[in-house]
Amino acid sequence: MSKKRIFSGIQPSGNLTIGNYLGALKRFPELQDEYECIYCVVDLHTLTVRQDPVALRERSYALLALYMACGLDPEKTTLFLQSHVSGHAELAWILNCYTYMGELSRMTQFKDKSQKHADNINAGLFTYPVLMAADILLYQTDVVPIGQDQKQHLEIARDIAIRFNKLYGDTFVVPEAYIAKQGAKIMSLQEPDKKMSKSDTNVNNFVLLIEERDAIIKKFKRAVTDSGSEVRFDPDEKPGISNLLSIYAATRGITIDEAQAEFAGSRYGDFKIAVGTAVADMLAPIQARYKEILADKSYLDRVLHANAERASAIAEVTYRDVRRKVGFIV
Ligand code: TYM
């Protein structure tokens, strides 16, 4: 039996945070042998918010290098840039015509982002989930590893697939979300009621994957805690401490209960240093590999070229079927 297929993507819209890592990227290499994996640097998506072109190109290389530094092997796994495979934008156009304004208006990320970027509420921001659906459906994806915040987008992708299949007969695999038990929603260190985000303007809210050890530990030392003194998981009463427990559990690959037991009786200060140290230890080997890989741009270009061909070949099979089904001459 052939392996099930995984697809996921990350935007090169900023430096990655430990939220992106613990919620998504950390899972990717773990699934590499059991599944056929396709991981994309989704550069088309980033244009929904204004980007500096030079910085965007650099961040795209950086994200590819990070994928590899985290253990993804470009010989085994397809690692590519979304803009290198024209089928994403083309299928997105077709799927736009099978998606309703009402469904897109309900997307919480659209509401959040249009508040944040009130001067640039562009049509791309609105139809963004359709492009994401195209990414996933183009590859007949079975499983999509994502953080909690992308669940609503995955659901709309499923709805679009089911709708299209009903109209034209089986065309798309209906994908399932894979959301980790630990780490699927890492919150900001200073404002633990909001998600940790790479585009946050306050740098103390996030920890980057490429941040120096001392800076990481300092940020954790400064993390907001709650009143009381007990290290206990209680997201309503103790959002700061609970977030740190989630980070620790996801970092160490243990359960929240185990993490809580480890720090029973600990003072907040010692607990925060322990979390910072665990995160810095987890990131150290990734950072070392990342620097090495990023230094060789011509190698990265070769990887991108070869993998874009592989991805295009898979995508074209689906896209051709879709064109035929909707009535285009193929
Ligand atoms: P993006 O680039 O914002 O985030 C990449 C991945 O990181 C997860 N994530 C988090 N997980 C836990 N805690 C957090 N604070 C946190 N912040 C981000 C996200 O859930 C995501 O899995 N639309 C997507 C990119 C995308 C995609 C796709 C994903 C485009 N096409 C197809 C899967 C399949 C996005 O903006 O993710």
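For this chain, numbers begin at 1 and follow the sequence in order. Whatever order the structure lists ligands and atoms in, that order sets their numbers, starting from 1.
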Student: Are L25 and Y67 packed together at the side-chain level, in the sense that at least one heavy-atom pair is separated by less than 4.5 angstrom?
Tutor: yes

Student: Could you tell me, atom by atom, which parts of ligand 1 come under 4.0 Å of a heavy atom of I10?
Tutor: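 In order of numbering, the contacting atoms are 2 (O), 5 (C).
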
Student: Indicate, as side chain, backbone, both or neither, the part of V42 found under 4.0 angstrom from ligand 1 when only non-hydrogen atoms are considered.
Tutor: side chain

Student: Do we get R323 above Y319's six-membered ring, with its NZ or CZ under 6.0 Å from the centre and within 45° of the axis?
Tutor: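 Output yes; distance and angle both within limits.
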
Student: Is it the side chain, the backbone, both or neither of L154 that has a heavy atom closer than 4.0 Å to ligand 1?
Tutor: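 Neither; nothing of L154 gets under 4.0 Å from ligand 1.
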
Student: One thing to verify: whether R267 and E230 come together as a salt bridge, which I'm taking to mean a side-chain N less than 4.0 angstrom from a carboxylate O.
Tutor: no

Student: What atoms of ligand 1 come closer than 4.0 angstrom to any heavy atom of H45?
Tutor: 30 (C), 31 (N)

Student: Examine ligand 1 and decide if any of its atoms is less than 4.0 Å from a heavy atom belonging to Y21.
Tutor: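 Contact absent.
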
Student: Which of the numbered atoms in ligand 1 are below 4.0 angstrom from a heavy atom of G183?
Tutor: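 So the atoms of ligand 1 that pass are 12 (C).
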
Student: Can you tell me which residue and heavy atom of the protein come closest to atom 7 (O) of ligand 1, and the distance to 0.1 Å?
Tutor: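 Atom 7 (O) of ligand 1 sits closest to the protein heavy atom N20 ND2, 3.1 Å.
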
Student: Below 4.0 Å from any atom of ligand 1, is there a heavy atom belonging to K198?
Tutor: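 A heavy atom of K198 does come that close to ligand 1.
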
Student: So, are R252 and E262 salt-bridged, with charged N and O less than 4.0 Å apart?
Tutor: yes

Student: Kindly check if the number of other-residue, nucleotide or ligand heavy atoms within 6.0 Å of NZ (K218) is above 12?
Tutor: no

Student: Is a salt bridge present between R5 and E36, judged by a nitrogen-to-oxygen distance below 4.0 Å?
Tutor: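 Result for this pair is yes, salt bridge flagged.
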
Student: As an exercise, identify every atom of ligand 1 less than 4.0 angstrom from a heavy atom of G23.
Tutor: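 Matching atoms, with element in brackets: 11 (N), 12 (C).
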
Student: Is R158 salt-bridged to E155, cutoff N-O under 4.0 Å?
Tutor: no

Student: Where on I136 is there a heavy atom closer than 4.0 Å to ligand 1, on the side chain, on the backbone, on both, or on neither?
Tutor: side chain

Student: For side-chain contact (heavy atoms from CB on, under 4.5 Å), just list the numbers for I6 and I38, CA-CA rounded to whole Å, side-chain angles, deciding distance to a tenth of an Å, and then say yes or no.
Tutor: CA-CA 6 Å; I6 280 192; I38 305 177; over 6 Å; no

Student: Below 4.0 Å from ligand 1: does a non-hydrogen atom of S13 turn up there or not?
Tutor: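 No heavy atom of S13 comes that close to ligand 1.
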
Student: F233 ring centre to K238 NZ or CZ under 6.0 Å, with the angle to the axis within 45°?
Tutor: no

Student: Mark up the atoms of ligand 1 that fall under 4.0 Å of a heavy atom belonging to A184, in ascending order.
Tutor: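 Going through ligand 1 atom by atom, the ones under 4.0 Å from A184 are 11 (N), 12 (C), 13 (N).
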
Student: Could you check whether E30 pairs with R27 (Lys NZ or Arg NE/NH1/NH2 to Asp/Glu carboxylate O, under 4.0 Å)?
Tutor: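 A salt bridge is present here (some side-chain N lies under 4.0 Å from a carboxylate O).
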
Student: Checking ring pair (Phe, Tyr, Trp, His ring centres under 6.0 Å) against F28, which of Y35, Y21, F7, Y39 comes through?
Tutor: Y39

Student: Measure the distance from atom 6 (C) of ligand 1 to every protein heavy atom, then report the residue, atom name and distance (to 0.1 Å) of the closest one.
Tutor: A24 CB, 3.7 Å

Student: Identify, by atom number and element, the atoms of ligand 1 in contact range of K195, meaning under 4.0 Å from any of its heavy atoms.
Tutor: 15 (N)

Student: Under 4.0 Å, heavy atoms only, figure out whether ligand 1 is touched by the backbone of Q11, its side chain, both or neither.
Tutor: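 Answer for Q11: both.
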
Student: Under 4.0 Å between a Lys/Arg side-chain N and an Asp/Glu carboxylate O for K297 and D301?
Tutor: no

Student: Give the residue, atom name and distance (to 0.1 Å) of the protein heavy atom nearest atom 37 (O) of ligand 1.
Tutor: Q150 NE2, 3.8 Å

Student: How far is atom 20 (O) of ligand 1 from its nearest protein heavy atom, and which residue and atom name does that atom have?
Tutor: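 Of the protein heavy atoms, D149 OD1, 2.4 Å lies nearest.
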
Student: Is it true that the side chains of Q190 and N202 contain a donor and an acceptor less than 3.5 Å apart?
Tutor: no

Student: So if I count the atoms of ligand 1 from 1 in the order they appear, which ones are less than 4.0 Å from some heavy atom of I146?
Tutor: 22 (O), 33 (C)

Student: Measure the distance from atom 31 (N) of ligand 1 to every protein heavy atom, then report the residue, atom name and distance (to 0.1 Å) of the closest one.
Tutor: D135 OD2, 2.6 Å

Student: Using 4.0 Å as the upper bound for N to carboxylate O, is an ion pair formed by R57 and D43?
Tutor: no

Student: Measure the distance from atom 22 (O) of ligand 1 to every protein heavy atom, then report the residue, atom name and distance (to 0.1 Å) of the closest one.
Tutor: G147 N, 3.1 Å

Student: Would you mind running through ligand 1 and noting each atom that sits below 4.0 Å from a heavy atom of V144?
Tutor: 33 (C), 34 (C)

Student: Which residue and non-hydrogen atom of the protein lie closest to atom 11 (N) of ligand 1, and at what distance in Å?
Tutor: G19 O, 3.2 Å

Student: Considering only protein heavy atoms, which is closest to atom 23 (N) of ligand 1, and at what distance to one decimal place?
Tutor: Y128 OH, 2.6 Å

